[in-house]
Amino acid sequence: MLPVARALAVGAHPDDVELQAGGALALWAARGVHVEIAHLTSGEKGSADPGADPAEVARVRRAEAEAAGRALGAARVHFLGAVDGELEVTMAMRLAVARVIRASRPDVVIGHDPWRRWLLHPDHRAAGLLTVDGVVAARDPLYAPELAAEGLPPHRPHTVLLFGTDAPDEVVDVTETLDAKIAALREHASQVGDPDELARRIRTWNLAIGAEFGLGAAEAFHTVDTRGR
Ligand SMILES: [Zn+2]
């Protein structure tokens with residue numbers, strides 16, 4: 001297992017992290033790792049009903065994400081409040097990510113792979129860039145002086161793991177926590193439809209990833225060493 005005592009996972013929408021890395025996060029939490037999750041947007045456009053009230057959708061999704069975090073064993077769930085569907089790579093959002101990194105002090109940060117070819121959703125591309133940019137802003141001592149002034153000194157996670165990648169080089173066997181991952185996803189009741197179908201879909205997907213590497217159920221990531229430039 002990758003050396004990790006503290007982990008932070010950053011996703012565009014409530015449920016992205018659970019879907020892509022929920023098994024790894026639950027495994028680490030079960031082994032005593034301090035896990036935190038940050039959702040960049042409120043997910044308020046996540047409804048198939050054109051008459052839905054976005055504020056009400058956001059309220060429901062926040063409660064679902066808190067329950068999902070508990071199901072994975074996360075110590076804390078952050079909501080950064082960006083507008084769903086309009087996430088942009090701005091200095092303000094980069095600093096918001098760096099603030100969470102400096103406060104939670106993870107060894108490993110998990111996020112969307114922004115360099116995945118043909119990644120359609122703009123929020124997922126922006127979230128990936130904000131995560132890696134936030135790591136650099138958290139790491140370098142002369143970056144983000146406003147954070148130091150808030151009492152948040154620089155912090156360098158040793159590794160970034162990117163999910164949704166087409167170049168996996170770190171595979172986590174999540175056989176023992178696949179049920180916890182599915183339980184977390186079921187907490188997103190407004191999003192997931194039939195819970196039995198969800199469970200079948202997740203099992204099939206993670207078993208297929210595992211089969212490629214001679215494992216049971218697995219999640220795959222691309223590793224970035226944060227000592228790079
Ligand atoms: Zn998403």
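For ligands, and for the atoms within them, numbers begin at 1 and follow the listed sequence.
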Kindly give the heavy-atom pair with the smallest separation between V83 and T41, and that separation in Å.
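Closest approach of V83 to T41: O-CG2, 3.9 Å.
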If the test is side-chain hydrogen bond (donor to acceptor under 3.5 Å, both in side chains), which one of R201, K181, E219 qualifies with N206?
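Of R201, K181, E219, side-chain hydrogen bond (donor to acceptor under 3.5 Å, both in side chains) with N206 is met by K181 alone.
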Listing request: all salt bridge (Lys or Arg N to Asp or Glu O under 4.0 Å) pairs with a residue in residues 5-31, at least two apart in sequence or in separate chains.
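Sorted result for residues 5-31: D15-R61, R31-E176.
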Near the Zn ion (ligand 1), which protein N/O/S atoms fall under 2.8 Å?
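Atoms qualifying: H13 ND1, D16 OD1, D16 OD2, H124 NE2.
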Tell me, please, which residues at least two apart from R227 pass side chain to side chain contact (heavy atoms under 4.5 Å, CB included).
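Applying side chain to side chain contact (heavy atoms under 4.5 Å, CB included) to R227 gives R156, D225.
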Taking D133's backbone N and O only, do any of them form a donor-acceptor pair with R94's side chain (distance below 3.5 Å, no angle check)?
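Answer holds: no.
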What pairs with D179 under salt bridge (Lys or Arg N to Asp or Glu O under 4.0 Å), at least two apart in sequence or on another chain?
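For D179 the salt bridge (Lys or Arg N to Asp or Glu O under 4.0 Å) partners, ignoring immediate neighbours, are R203.
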